[in-house]
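Comments concern the structure below.
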2 protein chains.
Amino acid sequence: MFRTEVAYQSRSGTVIPLAPHLQPSLACVFERQPIEIFEPGQPIFWQSDPAKHVFEIVEGLVRVFKILSDGRRVITGFLYAGDLIGISLMDRYLYGSEAVAKTRVRRFSRQSFQQKMDQSPEFRPSLFARLSDEMAAAQEQMVLLATKTAEERVCTFLVLTARRDREAFVMSRLDLPMTRQDIADYLGLTIETVSRTFSSLASRGAITPEGRHQYRIKIEKLMTLAGEVAAFHDGSDMHDGVNARQFASA
Amino acid sequence: MFRTEVAYQSRSGTVIPLAPHLQPSLACVFERQPIEIFEPGQPIFWQSDPAKHVFEIVEGLVRVFKILSDGRRVITGFLYAGDLIGISLMDRYLYGSEAVAKTRVRRFSRQSFQQKMDQSPEFRPSLFARLSDEMAAAQEQMVLLATKTAEERVCTFLVLTARRDREAFVMSRLDLPMTRQDIADYLGLTIETVSRTFSSLASRGAITPEGRHQYRIKIEKLMTLAGEVAAFHDGSDMHDGVNARQFASA
DNA sequence: CGCGCCGTTGAGCATTGTCAAATGCGGTGG
DNA sequence: CCACCGCATTTGACAATGCTCAACGGCGCG
């Protein structure tokens, strides 16, 4: 009953694994909230701030990250239009979040959000589905970090990022608004290794730079180079790949 | 409800950061289910099986893992008494699970479980809390895999494992029922590196072998060697247990 | 008592990190 | 419009951590 129609449609509704987000049901919780704008680099909230709000990204790109005591940063995910930030339901944010590109969000008090979830059963399925997707994405990221080489990581990243963007997926034209440092912190690599890998991919024609943050990509080539996906029982691969919103976090 | 007490005291400890899990409310969902026993190595379910059941671990130790197409294995977590398996609410399990030690579990059909969650608001807070804890753990694991050295990983593992077990935490006596291969697959290392790291730790007196799967540990030394914990503001590194509780009564 | 499995240890090597310097994109001001 | 400047990015040389391959050790079980 949690796992309802809505959740299922989030998967199968769109043919291309574009954006299973934007469940109408959850989106309309935020519908009447005013839109706030965050400029590139602007924080939305900080790690261990009291978790007062839940945010819906209307448009833009957000990075979600943890800062370690030695100053290093780990990006646990990039969030796109339709994603929610801060649903983890802890009393403090376990991570910080900043706009990467100009981002428009709607804000909802967490208290009201929880109330809404409690009182309106029709919203719960998609909330749970979202948490599940997020968990699946986290596990995929663990697999990436635990087993993949630098090149596989970068290619995986490019493929999954391309999937978030219809233009990228269909037109082979990929925008990467985030910096190299962002990518490095996300993939558990150094900026130099990321850079070298991009160069190497370019030299082999898997990607072609068209400006600093735009590339023409050969998606099949990248998919091959991305290496292993979870195995077991034929259908499962597709299943995982299609369902898991690889970048969701929060 | 009192079954809860039993479970708390049975083996895995009690007051210490032991289990934010085992919220009495959730435990009693499983209360009347018969106990099933899984012997070491025995699978509970396989990756991409239809997710028909939710399990509560009454006693024992379970590994949860993904198998990659090249045969490698990534262990995404170890689960202890009081933990739940299979709450991810996808229609298929995204991972396999096997008993590491002799394990007793209670099984609940996922359908009934979801029904229960839907109909009984009093259970929802602790379910949410649990999902949040799981997410927090996943993010910590990402941090570990993205930034830590072999030694830091092993020490982190030892400290966190010790925290699950009162005897280990208080008496400095730690049981590690899992194999080196399990540990390696969990920490994103090879079995050789894990072994070497154990030897090195032993030679420096941070741990003292007392049999193949038992060690006497110096927890403070290990905590130091474990390196970075998330920074920023107060003592946010205790997040796992602390935050979940707020929902216990919501 | 011996076999097999799990774990340990060793040597060499590869990938990736570190440190340092050069390059060039993109924005700004003349 | 062009030149310049700052900063992200790239590239290079080198070091090191952890992996691979290989052999050995020892505990447990038949």
Side-chain angles (χ1 to χ4, degrees), chain A residues 39-41 63 68 70-75 100-102 144-158 175-204 207-215 225 227-228, chain B residues 39-41 63 68 70-74 100-101 144-158 175-204 207-215 225 227-228:
Chain A
E39 296 297 329
R63 60 177 167 248
L68 308 184
D70 63 353
R72 280 181 303 179
R73 182 184 67 164
V74 177
I75 291 184
V100 173
K102 184 169 183 174
L144 178 144
L145 293 169
T147 70
K148 292 194 175 183
T149 66
E151 181 167 287
E152 290 170 339
R153 293 183 197 195
V154 169
C155 291
T156 303
F157 168 73
L158 291 172
D175 262 319
L176 293 178
M178 61 288 279
T179 66
R180 291 285 186 274
Q181 188 65 60
D182 287 335
I183 298 173
D185 290 349
Y186 180 56
L187 298 179
L189 300 170
T190 60
I191 185 176
E192 293 95 333
T193 299
V194 171
S195 182
R196 274 186 253 275
T197 306
F198 270 82
S199 301
S200 161
L201 290 174
S203 78
R204 282 178 289 161
I207 62 178
T208 311
E210 298 186 342
R212 209 135 174 182
H213 291 285
Q214 190 166 77
Y215 289 86
L225 294 172
E228 326 299 344
Chain B
E39 297 297 330
R63 61 177 165 247
L68 308 184
D70 63 353
R72 280 182 302 178
R73 182 184 65 166
V74 177
V100 173
L144 178 145
L145 293 169
T147 70
K148 292 194 175 183
T149 66
E151 182 167 287
E152 290 170 339
R153 293 182 198 196
V154 169
C155 291
T156 303
F157 169 73
L158 291 172
D175 262 319
L176 294 177
M178 60 289 279
T179 66
R180 291 286 187 274
Q181 188 65 61
D182 287 334
I183 298 174
D185 290 349
Y186 180 56
L187 298 179
L189 301 169
T190 60
I191 184 175
E192 292 96 332
T193 298
V194 171
S195 184
R196 274 186 253 274
T197 306
F198 269 83
S199 300
S200 162
L201 290 173
S203 79
R204 282 177 289 160
I207 63 178
T208 313
E210 296 186 344
R212 211 138 173 182
H213 292 284
Q214 191 166 76
Y215 289 84
L225 294 172
E228 328 300 344

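Throughout, a chain's letter reflects where its sequence line sits, starting with A, and its residues are numbered from 1.
For the side chain to side chain contact (heavy atoms under 4.5 Å, CB included) test, residues two or more places apart in sequence or in another chain that qualify with Thr193(B) are Ala150(B), Leu189(B), Thr190(B), Thr197(B). For Thr208(A), the side chain to side chain contact (heavy atoms under 4.5 Å, CB included) test picks out Arg216(A), with sequence neighbours left out. Residues forming a side chain to side chain contact (heavy atoms under 4.5 Å, CB included) with Ser195(B) (at least two apart in sequence, or on another chain): none.
Put simply, CD on Glu152(B) is 9 Å from P on dG18(D), counting in whole angstrom units. In this structure, the CG atom of Leu176(A) is 14 Å from the C1' atom of dT9(D), given to the nearest Å. One interatomic measurement links the two molecules: CZ of Arg180(A) to C1' of dT11(D), which rounds to 13 Å at whole-angstrom precision. Rounded to whole Å, the distance from CG on Asp185(B) to P on dC19(D) is 11 Å. The interatomic distance linking Gln181(A) (CD) with dT10(D) (P) rounds to 12 Å, in whole Å. Between the CG atom of Asp70(B) and the C1' atom of dT20(D) there is a distance of 15 Å, given to the nearest Å. For the pair Leu187(B) CG and dG18(D) P, the computed distance is 12 Å after rounding to whole Å. Counting to the nearest Å, the C1' atom of dG7(C) and the CE atom of Met178(B) are 16 Å from each other.
When atom types are taken as modelled, the side chain of Arg73(B) and the backbone of Leu68(B) share no donor-acceptor pair closer than 3.5 angstrom. Judged by distance alone, the side chain of His213(A) and the main-chain N or O of Leu176(A) form a donor-acceptor pair under 3.5 Å.
Comparing the local axis fitted to the first five base pairs of the helix from dC1(C)-dG30(D) to dG30(C)-dC1(D) with the one fitted to its last five gives a bend of 40°, rounded to 10°.
Residues Tyr186(B) and Met178(B) are not in side-chain contact: their nearest non-hydrogen atoms beyond the backbone lie 4.5 Å or more apart. Using a 4.5 Å heavy-atom threshold, the side chains of Val194(B) and Arg153(B) count as separate.
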Each nucleotide in nucleotides 12-23 of chain C should get exactly one letter: B, S or -. Can you fill that in based on protein heavy atoms under 4.0 Å? ----SSBB----

Decide salt bridge (charged side-chain N to carboxylate O under 4.0 Å, His left out) for Asp185(A) and Arg63(A); before the verdict, give the C-alpha distance in whole Å, the side-chain angles of both, and the deciding distance to 0.1 Å. CA-CA 10 Å; Asp185(A) 290 349; Arg63(A) 60 177 167 248; over 6 Å; no

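Residue Ser199(A) is in sugar-phosphate contact alone, with no base atom involved, counting any heavy-atom pair closer than 4.0 Å across all strands shown.
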Using atom names, set out every protein N or O paired with an N or O of nucleotides 24-28 of chain C below 3.5 Å, distance rounded to 0.1 Å.
from	atom 1	to	atom 2	distance (Å)
dG24(C)	N2	Arg212(A)	NH2	3.4
dC25(C)	O4'	Arg212(A)	NH1	2.8
dC25(C)	O2	Arg212(A)	NH1	3.4

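Ion pairing of Arg196(A) with Glu151(A) is absent here, as no side-chain N (NZ or NE/NH1/NH2) approaches a carboxylate O to less than 4.0 Å.
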